[in-house]
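So the structure is just underneath, and the comments pick up after that.
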Number of protein chains: 2
Amino acid sequence: MSRPEISNRRVTAADIARSLGLSRATVGFVLNETPGQTISEQTKQRVFAEAERLGYRPHTAARALASGRTRIVLVVLPDWPLDFSLRRNLEEASLALDEAGYSLITYTPHPTGQARPLWETLAPDVALSMVGRFSQQQVDSMRRAGVRAMVPDPDQVDADEYPEEGPVLQVQHLARLGHCRIAFAESADPRIADLVALRHSRARQAAEELLLPAPVALSVNLGDDSASDAVRKAVSAGVTAIAAYNDEVAAALVGAALRAGIAVPQQLSVVGHDDAPIASIVEPQLSTVRIDTAGLGRYLAALALSAAEGHSPPATIPQTQLVLVERASTLPHT
Amino acid sequence: MSRPEISNRRVTAADIARSLGLSRATVGFVLNETPGQTISEQTKQRVFAEAERLGYRPHTAARALASGRTRIVLVVLPDWPLDFSLRRNLEEASLALDEAGYSLITYTPHPTGQARPLWETLAPDVALSMVGRFSQQQVDSMRRAGVRAMVPDPDQVDADEYPEEGPVLQVQHLARLGHCRIAFAESADPRIADLVALRHSRARQAAEELLLPAPVALSVNLGDDSASDAVRKAVSAGVTAIAAYNDEVAAALVGAALRAGIAVPQQLSVVGHDDAPIASIVEPQLSTVRIDTAGLGRYLAALALSAAEGHSPPATIPQTQLVLVERASTLPHT
DNA sequence: CTGAAAGCGCTTACAG
DNA sequence: CTGAAAGCGCTTACAG
């Protein structure tokens with residue numbers, strides 16, 4: 001099989017300049033599309049063509065050293081568990097950032113914190129948290145590492161939170177089915193406590209707006225048998241329907257209910273969140289909330305870009321498409 | 001709240017040298033522990049202390065530009081789904097690499113391939129595939145981007161595969177329970193086809209060694225109703241026990257069997273793989289294979305390090321601790 | 001409007 | 001054994 005010969009030496013911008021008889025700066029201006037330069041269209045085309053021909057790739061480290069910017073967006077993830085929909089969001093965000101010349105890199109800090117945080121070695125232009133606000137310690141560490149911007153902005157106390165309308169859909173769905181004694185099941189995992197609390201509070205607000213009593217608070221730890229306790233607590237409180245933090249918690253509740261001889265959905269309705277694969281795997285299949293990941297991903301990318309370039313953030317949170325997917329785990333209250 | 005004053009300018013090695021009245025090179029030698037230098041212990045301690053005091057952090061981009069090495073290990077993951085145990089492996093590997101001064105970064109190529117691959121912008125010293133061998137196209141692209149080493153080594157045709165003994169444990173477990181008509185259920189997801197095939201073939205070998213007939217091949221797609229077809233096919237082939245590629249596939253089979261009125265485990269035993277959270281969430285809870293992720297993670301780190309530094313790879317694959325966890329989804333054949 | 005020059009913070013051969 | 005110097009491949013003020 002004949003493959004094109006690959007030279008060992010890397011192709012630099014200087015090679016293009018030399019080969020075209022231009023100055024290196026001119027080549028740089030063309031390749032970076034530097035504004036405020038007047039370079040003839042013909043020259044531009046020649047530069048692009050030659051870069052293509054030689055297989056030129058900018059040297060990231062050199063660019064970072066010279067410009068002081070890495071063009072890296074570091075997304076800090078919860079160490080576990082990673083929501084299914086979140087991963088799709090990130091794929092979309094990554095594509096959008098790539099088009100803008102940035103790389104999205106995900107990072108999950110170690111629970112024990114033994115390792116050097118990745119922002120120290122990567123010095124991203126932007127760090128974006130998917131787990132609520134950065135701690136003061138993290139903020140200090142990032143500043144010391146030269147991270148120029150963080151999302152949410154630590155200097156802005158009332159920065160926008162991401163929209164969390166899923167719990168509202170869950171509660172509305174259950175209310176529409178005639179349930180009035182509702183519970184909200186948290187995940188007990190401390191590592192996602194912020195997001196859990198946010199969803200819980202949105203569920204509480206939604207119930208309030210519908211003039212329903214505040215949801216009974218349940219807590220499920222996926223590692224142990226706490227789902228059984230939660231189901232027992234719910235039933236003894238007269239609860240007929242549970243909105244769960246996510247599909248895994250919902251599945252755990254369904255499993256525990258079945259083991260306890262409580263029929264789902266006949267005696268207890270359970271609605272999940274994310275439309276993760278598990279939602280259609282378990283029996284009965286879970287009613288859940290599906291997220292328009294593409295839209296949210298692009299919104300995240302826009303947030304990161306505005307922070308990187310010091311623009312103001314995108315004016316409006318996009319109308320994220322949330323859909324309640326009705327499956328077999330919810331039924332009208334009888 | 002008084003926090004220590006943080007200067008805007010970053011601390012360089014030159015600052016340490018200046019403050020200590022040493023040459024920059026000396027400081028560099030101490031900080032890099034360059035071999036073959038004779039620097040007094042006292043000087044070393046002074047350098048370390050001053051670096052600590054000033055909060056010195058090496059500038060990654062500058063180091064990369066000067067040395068031609070980024071000290072980055074890029075782990076290429078399947079785009080979906082990421083095995084639960086794999087993530088734990090990576091955490092361990094990341095810790096081990098961090099101690100050696102390398103950063104582990106994970107990367108999931110986009111299914112559509114629209115974005116620039118991350119190895120182009122990051123130029124890692126090593127790219128490590130968790131999805132079988134790199135394609136020739138990927139290898140070429142990495143070489144062009146200056147990636148110096150790949151694991152598995154594309155030049156070595158018979159490079160070691162990772163140990164995959166889980167399917168052996170599954171088959172042995174089922175055989176010990178008296179099952180002789182066994183099936184192996186693949187995941188139909190094309191993106192993990194290599195790993196699926198590897199596990200399947202290990203299951204086949206294990207059956208052969210036990211003088212059992214070759215496992216009936218099933219295929220499950222998590223998105224649709226193929227699990228029902230698989231169960232039907234298994235039952236009509238006289239299968240009494242199924243070893244599944246992973247816990248999600250196992251859970252899907254269990255769900256489909258229950259929907260079809262087939263009792264699990266009384267009429268059909270199912271054993272999963274990974275001991276993912278789903279294994280103890282579903283009802284009945286899944287018998288499965290648990291992996292000693294710590295050991296495997298350190299092995300991966302050692303593989304990457306040896307590739308990065310041009311050593312020979314670790315001589316022996318560690319005795320990875322695999323345990324069959326017996327839960328409620330398997331029962332002796334009656 | 002264009003081009004030559006300095007400089008980013010390191011590493012590393014090389015001369016004393 | 002130690003230290004001054006060149007250079008990695010870019011970007012960016014600055015002078016023509």
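The sequence lines fix the lettering, A, B, ..., with proteins before strands; numbering per chain opens at 1.
- Once rounded to the nearest 0.5 Å, the distance linking CD of B:E120 with CZ of B:R144 reads 7.5 Å.
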Next on the checklist: Does A:L122 form a side-chain contact (heavy atoms from CB on, under 4.5 Å) with B:I105? I'd like the steps, not just the answer.
Outcome noted: CA-CA 10 Å; A:L122 244 35; B:I105 292 176; 3.7 Å; yes

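- In this structure, the side chain of B:D140 does not engage the main chain of B:Q137 through any donor-acceptor pair within 3.5 Å.
- Spacing between atom CZ of A:R18 and atom C1' of C:dG3 amounts to 16 Å, rounded to whole angstrom units.
- A donor-acceptor pair is defined here as one N or O able to donate and one able to accept, closer than 3.5 Å; such a pair exists between the side chain of A:T70 and the backbone of A:A123.
- Using modelled atom types, no side-chain atom of A:T108 and backbone atom of A:L77 make a donor-acceptor pair closer than 3.5 Å.
- Of the residues in residues 56-69 of chain B, those lying under 4.0 Å from DNA chain D by heavy-atom distance are B:L65, B:A66.
- Look at CZ on A:R71: it is 21 Å from P on C:dC8, rounded to the nearest Å.
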Item to check | Pair pattern of DNA chain C in dot-bracket, where unpaired bases get dots and | marks partners in another strand, Watson-Crick or G-U under 3.5 angstrom | outcome: |||.||||||||.|||

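- Using a distance-only test at 3.5 Å, with no hydrogens or angles considered, no donor-acceptor pair links the side chain of A:R298 to the main chain of A:L95.
- Using a distance-only test at 3.5 Å, with no hydrogens or angles considered, no donor-acceptor pair links the side chain of B:R133 to the main chain of B:P152.
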Next on the checklist: Does B:L54 form a side-chain contact (heavy atoms from CB on, under 4.5 Å) with B:I16? I'd like the steps, not just the answer.
Outcome noted: CA-CA 8 Å; B:L54 296 176; B:I16 300 177; 4.1 Å; yes

